[in-house]
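I have placed the structure first, in the form of structure tokens, so that the comments after it can refer back to it.
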Amino acid sequence: MKKYWTRQITPEKHGSEVTVAGWVWEIRDLGRIKFLVLRDREGFVQITLKPGKTPEHLFDTFSELNREDVILVKGVVEASKIAKSGVEIFPREMWILNKSKPLPIDIWSETTDLPTRLKWRSVDLKRPRNLQIFTTASKILRVMREVFYEEGFVEVFTPKIIATTTEGGAELFPVFYFERVAYLSQSPQLYKEQLTASLERVFEIGPAYRAERHNTDFHLNEFISVDAEAAFMNYADVMDILEKIIRRISELLQTEKTEVVSIGESVPRVDYGEALDKLNQAGYSVEWGSDLTVEMQKYLTKHYGLVYFIVNFPPSLRPFYTKNDGVRSESFDLIIDGIEVASGATRIHKREELEGEMKKRGLNPHMFESHLAVFDYGMPPHAGFGLGFNRLVTALLGLGNVRYATLYPRDRYRLEP
Ligand code: AMO
């Protein structure tokens, strides 16, 4: 088993014997002295071969190496003023565990276009920037889970094969389910609400499927949704939790020395009406009841900074389950760098009210009977949010396209790899 990551080979290890394993990133043959740079998930380390110091047969092994060959090296660490990481390893033994053909794409520079990179995604993921994106994404998930646990949430999993729509609208992928048609879940919305009647505070991190025909930089047909729902909270309370999550992630990114979207004392909660005023003053001409575009959301960062909420949307812009007084709903979107990263609300917890909102939107309450029945047996007031994980990573790391933050994106024209 591999015991050291390359980043653990530091000058303090001077004189000790270590075994490292990874891929050949770079080969430099300076005649008598030969170098290779070994890459693993966590970084790089230089291996140096010197006549007199290195066993003769390792020069033969070296001459067989190609970039991306998989190697295992046992050697002695020496602190070095010249090597990039301040250390080099003088090998005592070196094994080629597998050979690599020349790669189909260039992972050593940024010249390859996105479609070609995605076609060869497993190879593309060897790129150091990608290793950084996906290890950081994993740390972000961990921070989110920590905050949820601190706030008394339990992690749950709800079905992804479902019988009816959750969000309304026709953006569902049908699947064959024995004798009938089922659908892939767009959101755990109805299940997470139901669970507030028992588990009170729940969160789920899992895939959501949208059969949207959009082909934009921010839409996927399968994305990772971070969902939270809590009994006895309203939308202001869940915004507090979301704000805590974003703050903690921002602290994490600071320690990681990743470029960060900085957050002020508190995240502004901008009334939808006020946002419209600001936009209209700037010449946009948006009417009450219109959705804001990415361009408008980007414009608003001038007034509110890179991270802000828009709150109190008109009910017509929100799904049927959103609590409202007919003019405004207790709802919010979280915008980071112009992108809608999360949306949430206080929910309707009275059955008759919910049925009324379904009818207003042309949905048949009979289709939702199993959901509505839960409201007859002690449904508490509750609120929650759904956060698009791929969009969050894209916005925080400034990637500009949600596909960069997705291992194997599913979009309108991409079903493989
Ligand atoms: P909504 O539909 O706004 O709300 O989705 C919540 C968040 O999920 C992300 N998202 C997407 N990410 C990538 N590609 C897509 N096609 C896509 N669609 C949505 C966005 C969005 O903010 N049930 C409600 C949430 C709730 O109220 O709890 C819902 O699904 O970041």
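We count ligands from 1, going down the list as the structure has it; atoms in each ligand are counted the same way.
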ask   = How does Glu222 reach ligand 1, by side chain, by backbone, by both or by neither, if only non-hydrogen atoms under 4.0 Å count?
value = neither
query = Which of the numbered atoms in ligand 1 are below 4.0 angstrom from a heavy atom of Glu212?
reply = 16 (N)
query = Does the cation-pi check pass for Arg67 over Trp108, that is, NZ or CZ under 6.0 Å from the six-membered ring centre and within 45° of its axis?
reply = yes
task = Report yes if Val341 has an N/O atom closer than 3.5 Å to an N/O atom of ligand 1; otherwise report no.
result = yes
ask   = Among Phe332, Tyr321, Phe389, which one has a heavy atom closest to atom 24 (C) of ligand 1?
value = Tyr321
ask   = Salt bridge between Lys119 and Glu416, side-chain N to carboxylate O under 4.0 Å?
value = no
query = Counting heavy atoms only, which part of Ser343 comes closer than 4.0 Å to ligand 1: side chain, backbone, both or neither?
reply = both
task = Flag the pair Glu150 and Arg248 as a salt bridge only when some basic side-chain nitrogen lies within less than 4.0 angstrom of an acidic carboxylate oxygen.
result = yes
message = When you compare ligand 1 with Gly386, is there at least one nitrogen or oxygen pair between them that comes in under 3.5 angstrom?
response = yes
query = Taking the six-membered ring of Phe320 as reference, does the NZ or CZ atom of Arg361 fall below 6.0 Å from its centre and within a 45° cone about the axis?
reply = no
Identified ring pair (Phe, Tyr, Trp, His ring centres under 6.0 Å) counterpart of Phe332 within the set Phe309, Phe313, Tyr272 = Phe309
inquiry  = If the cut-off is 4.0 Å to any non-hydrogen atom of Phe218, which atoms of ligand 1 fall inside it?
reply    = 13 (C), 14 (N)
query = Got a salt bridge between Glu369 and Arg351, using NZ or NE/NH1/NH2 to carboxylate O under 4.0 Å?
reply = yes
note = So salt bridge (charged side-chain N to carboxylate O under 4.0 Å, His left out) across residues 306-329, not counting sequence neighbours, yields Asp271-Arg328, Arg318-Asp333
query = Does Ala342 have a non-hydrogen atom less than 4.0 Å from ligand 1?
reply = yes
key: Mode of Phe385 contact toward ligand 1 - side chain, backbone, both, neither (heavy atoms, under 4.0 Å)   = backbone
Sub-4.0 Å heavy-atom contact, Arg347 with ligand 1 = yes
ask   = Should Leu220 be listed as contacting ligand 1, given a heavy-atom distance under 4.0 Å as the test?
value = yes
inquiry  = With nothing but distance in play, are any N or O atoms of Gly388 less than 3.5 Å from an N or O of ligand 1?
reply    = yes
ask   = Less than 4.0 Å between a side-chain N and a carboxylate O, is that true for Lys126 and Glu68?
value = yes
Close-contact set for ligand 1 against Phe223 heavy atoms, below 4.0 Å = 8 (O), 9 (C), 10 (N), 11 (C), 12 (N), 13 (C), 14 (N), 15 (C), 17 (C), 18 (N), 19 (C)
query = At a 4.0 Å cut-off, with the gap strictly under it, does some heavy atom of Lys192 reach an atom of ligand 1?
reply = yes
inquiry  = Is the contact between His219 and ligand 1 made by the side chain, the backbone, both, or neither, using heavy atoms and a 4.0 Å cut-off?
reply    = both
Plane angle bin for Trp25 and Phe44 - parallel if under 30°, tilted between 30 and 60°, otherwise perpendicular = tilted
ask   = Heavy atom of Gly344 under 4.0 Å from ligand 1?
value = yes
request  = Record the part of His214 in heavy-atom contact with ligand 1 below 4.0 Å; permitted values are side chain, backbone, both and neither.
outcome  = neither
request  = Please determine if Arg201 and Glu151 form a salt bridge, counting it only when a charged side-chain N lies under 4.0 Å from a carboxylate O.
outcome  = no
Asn390 heavy atom under 4.0 Å from ligand 1 = no
note = Among Gln189, Arg210, Glu340, the residue with a heavy atom nearest to atom 30 (O) of ligand 1 is Arg210
query = Short question: side chain of His382, backbone of Pro380 - any donor-acceptor pair under 3.5 Å?
reply = yes
Qualifying residues under side chain to side chain contact (heavy atoms under 4.5 Å, CB included), relative to Val270, sequence neighbours excluded = Pro268, Glu274, Ala275, Tyr304, Tyr308
message = Please check whether Gln186 reaches ligand 1 - meaning an N/O of the residue sits under 3.5 Å from an N/O of the ligand, judged on distance alone.
response = no
